[in-house]
Every structure is written in structure tokens, then in C-alpha cells.
Asker: 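Please read through the structure below; I'll follow up with questions.
Both backbone and side-chain heavy atoms feed into the values below; hydrogens, waters and symmetry mates do not.
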Amino acid sequence: MASEESFSRPLSALDAVRSRRSVRAFTAEPVPRAVVEQILEAASRAPSGSNIQPWKVHAVAGAAREALSAELRATHFDPTDDQAGAEYTYYPTQWFEPYLARRRKIGWDLYGLLGIAKGDREAMAHQHARNYDFFGAPVGLFFTMDRRMEQGSWLDVGMFMENVMVAARGFGLDTCPQAAFITYHRIVRRHLAIPDTDILLSGMALGHADPEAPENRLETERAPVADFTRFHGF
């Protein structure tokens, strides 16, 4: 098993942010619990309104991860199963530009790398199912909070999750935030004993990126600062 020391790779804050990406293929190399704890400890420095720290984390690995993934995959491919149903709507109900074009581009760029042809719904379904195996990552993280919290706390948890992803880069690790799990929140809730008083916000894969996987060659574009910023008084 890899030692904790082998994960420590000093990166500047800017390098960690700039190198963060959503990895969709991981190696089986384990991540020690001590490293996961250090990542979460660093992430807990995220800001939150009045320092209420609304985030909660369920970390899963080993046999617990395998059991969860097995049921999720089986359910995903079972058209008669009635356990699907997200607790909240992640995307807009009516798409509009420029967001629709961006969503379509990343989808076809990814499928192109994987050799999935347009209209091949079976291949797309199998690729989507890889979410439920955490894309092969040895560690899965689930982020929840008390459902009585309001919109401000959703922002707080988002900042905490970004800290997790950036802190992971400091250990030479990669991540993939995964909204796919919210569709089967009932299954996740049952496996991880998440109380009904908490809402499942997202999952996340954590591990070592597979350098040979074609999907990890995906380069996502970012709009230039001038497109999304208006400077006042400069």
C-alpha cells in the first residue's frame, strides 16, 4: 500500500486550482484514510455564513464502496426499478444559450474520445453507469447537509467541495464531482445510513487519474475573463 508521504506533492495554490479537472478514469491505487482526513481538514477552512459549517461528508471505500456501486449499477440498468428520483433539480428545465452549446460540446468531445457515436444510446448508458463505480476511483465522497438549511448554505457547501478538489491536487490526486448520485439518493442513503433529515447534494470520486485512459485527454474550454466580468471603478 502506498505510504502517506508518497502522496505529498507541493503545489502552489494557483497550480492546484488550474490543474483541477473532472477525471473520468482512475487507477485502483488506494488512498490512505489519513490522506482523506487531511484533505477534508484543509477543506474545512472554507468560509460559511456565521461559521455555521453546514457540510457533512460520508467517505466510502473497500467493501462498502463495492456494495454500493453494485446496487447502483444494477438499478441503473433495470427499467422496472422505481428507486430513481432526484431530490432537487440540478439543471434548468429549459436550456438556453450560451449554456446549451457548452453542455453539448463537452458531451460530444467526451464521446468522441471514447469512440461513442451520436445516437448510440446503449454506449452512452454504459458510460453514464461508470459514475456509479466512481469511474474506478478507490474512494467515494458524499456531501450532505441538513435539509432545513437555506440557499446560502448551498453556497457554503459548494465552496467546501471546491476546497476538497483543490486540496486533493496538493496530494497529487484527482477528483470528479458527480451529481449523478442524486438520482438514486434513496440507495445511497440506505447504504450509508444518511438520515432523512439530510439532503444528498453530490457525490465525488477521489483517487489517482489513469494516464492511459482516453477520456482523461478531455480538455474543457473556459470563457475568457472579459466574457463574464464587468469591472467598475478600475
Asker: Donor-acceptor pairs under 3.5 Å, side chain of residues 93-105 to any protein atom, not counting sequence neighbours: which ones?
Answerer:
residue: Glu97; atom: OE1; partner: Ala101; partner atom: N; Å: 3.0
residue: Lys105; atom: NZ; partner: Asp109; partner atom: OD2; Å: 2.9

Asker: Would Tyr91 end up clustered with Leu201 when hydrophobic side chains under 4.5 Å apart are linked, directly or stepwise?
Answerer: yes
Asker: Verify the neighbour count for atom OH of Tyr90: are there more than 12 heavy atoms of other residues, nucleotides or ligands below 6.0 Å?
Answerer: no
Asker: Go through the steps for His126 and Phe77 under the test side chain to side chain contact (heavy atoms under 4.5 Å, CB included), then give the verdict.
Answerer: CA-CA 9 Å; His126 279 276; Phe77 288 111; 3.5 Å; yes
Asker: Could you walk me through whether Leu218 and Ile106 pass the side chain to side chain contact (heavy atoms under 4.5 Å, CB included) test, one step at a time?
Answerer: CA-CA 8 Å; Leu218 179 67; Ile106 191 173; 4.0 Å; yes
Asker: If you define the side chain from C-beta out and look only at heavy atoms, does anything of Ser153 sit under 4.5 Å from Ile52?
Answerer: yes
Asker: Do Leu173 and Leu206 touch side chain to side chain, with heavy atoms closer than 4.5 Å?
Answerer: yes
Asker: Using modelled atom types and a 3.5 Å cut-off, is there a donor and acceptor pairing between side-chain atoms of Asp120 and backbone atoms of Ala117?
Answerer: no
Asker: Can you label the angle between the Phe143 ring and the Phe160 ring as parallel, tilted or perpendicular, going by 30° and 60°?
Answerer: perpendicular
Asker: Provide the closest heavy-atom pair for Pro138 versus Ala28 in the form atom of the first, atom of the second, distance.
Answerer: CB-O, 4.4 Å
Asker: From Cys176 SG over to Arg20 CZ, what is the distance, rounded to the nearest 0.5 angstrom?
Answerer: 8.5 Å
Asker: Evaluate the side-chain proximity of Thr144 to His58: yes if any heavy-atom separation is below 4.5 Å, no if none is.
Answerer: yes
Asker: Taking the side chain as every heavy atom from C-beta outward, state whether Arg130 and Glu215 have any pair of such atoms under 4.5 Å apart.
Answerer: yes
Asker: Looking only at heavy atoms, which two atoms of Leu200 and Glu87 are closest? And how far apart?
Answerer: N-OE1, 3.7 Å
Asker: Would you call Arg169 and Phe171 a side-chain contact if the rule is heavy atoms closer than 4.5 Å?
Answerer: no
Asker: Give the cluster check for Leu114 versus Phe135: same hydrophobic cluster or not, with ILVMFWY residues linked at side-chain heavy-atom distances below 4.5 Å.
Answerer: no
Asker: At what distance, to the nearest 0.5 angstrom, does CG of Leu192 lie from CD1 of Ile187?
Answerer: 11.5 Å
Asker: Is the shortest heavy-atom distance from the side chain of Ser202 to the side chain of Ile182 under 4.5 Å?
Answerer: no
Asker: Can you find a pair of side-chain heavy atoms, one from Arg33 and one from Val35, that are under 4.5 Å apart?
Answerer: no
Asker: Is there side-chain contact between Arg148 and Thr197, with heavy atoms separated by less than 4.5 Å?
Answerer: no
Asker: Hey, are Glu219 and Arg21 close enough for a salt bridge, meaning a charged N less than 4.0 Å from a carboxylate O?
Answerer: no
Asker: Given the rule that I, L, V, M, F, W and Y join up when any side-chain heavy atoms are under 4.5 Å apart, are Trp154 and Trp55 in one cluster?
Answerer: yes
Asker: Can you pull out every side-chain hydrogen bond (donor to acceptor under 3.5 Å, both in side chains) where at least one residue sits in residues 223-232? Sequence neighbours excluded, please.
Answerer: none
Asker: In this structure, would Leu141 and Val166 fall into the same cluster of hydrophobic residues linked by side-chain contacts under 4.5 Å?
Answerer: no
Asker: Indicate the atoms forming the closest heavy-atom contact of Asp198 with Arg147, along with that distance.
Answerer: O-NH2, 3.2 Å
Asker: Measure the spacing between CE of Met204 and CZ of Phe134 and express it to the nearest 0.5 Å.
Answerer: 11.5 Å
Asker: Between His76 and Tyr132, what is the ring plane arrangement, given parallel below 30°, perpendicular above 60°, and tilted in between?
Answerer: tilted
Asker: Just verifying a value: how many Å separate Asn163 CG and Met165 CE, rounded to the nearest 0.5 Å?
Answerer: 9.0 Å
Asker: Mark yes or no for whether Asp78, through its side chain, and Thr80, through its backbone, hold a donor-acceptor pair below 3.5 Å.
Answerer: yes
Asker: Please round to the nearest 0.5 Å and tell me the distance separating atom OG of Ser48 and atom CE of Met149.
Answerer: 9.0 Å
Asker: Determine whether a donor-acceptor pair (N or O, by modelled atom type, separation under 3.5 Å) exists between the side chain of Tyr184 and the backbone of Ala86.
Answerer: no
Asker: Could you report the tightest heavy-atom contact between Ala205 and Phe26, atom names first, then the distance?
Answerer: CB-CE1, 3.8 Å
Asker: From Glu29 CD over to Asp210 CG, what is the distance, rounded to the nearest 0.5 angstrom?
Answerer: 11.5 Å
Asker: What residues, two or more places apart in sequence or in another chain, satisfy side-chain contact (heavy atoms from CB on, under 4.5 Å) together with Met124?
Answerer: Trp108, Tyr111, Ile116
Asker: How far apart are the closest heavy atoms of Gly203 and Phe181, and which atoms are they?
Answerer: CA-CD1, 3.8 Å
Asker: Testing the basics here: between Ile39 and Val164, what is the closest heavy-atom pair and its distance to 0.1 Å?
Answerer: CG2-O, 3.6 Å
Asker: Could you go through the side chain to side chain donor-acceptor pair (under 3.5 Å) check for Thr75 and Arg73 one step at a time?
Answerer: CA-CA 5 Å; Thr75 303; Arg73 287 193 303 268; over 6 Å; no
Asker: For the pair Arg189 (side chain) and Pro195 (backbone), establish whether a donor and an acceptor sit closer than 3.5 Å, ignoring hydrogens and angles.
Answerer: yes
Asker: If you group Ile, Leu, Val, Met, Phe, Trp and Tyr by side-chain heavy-atom gaps below 4.5 Å, do Val57 and Val157 land in one group?
Answerer: yes
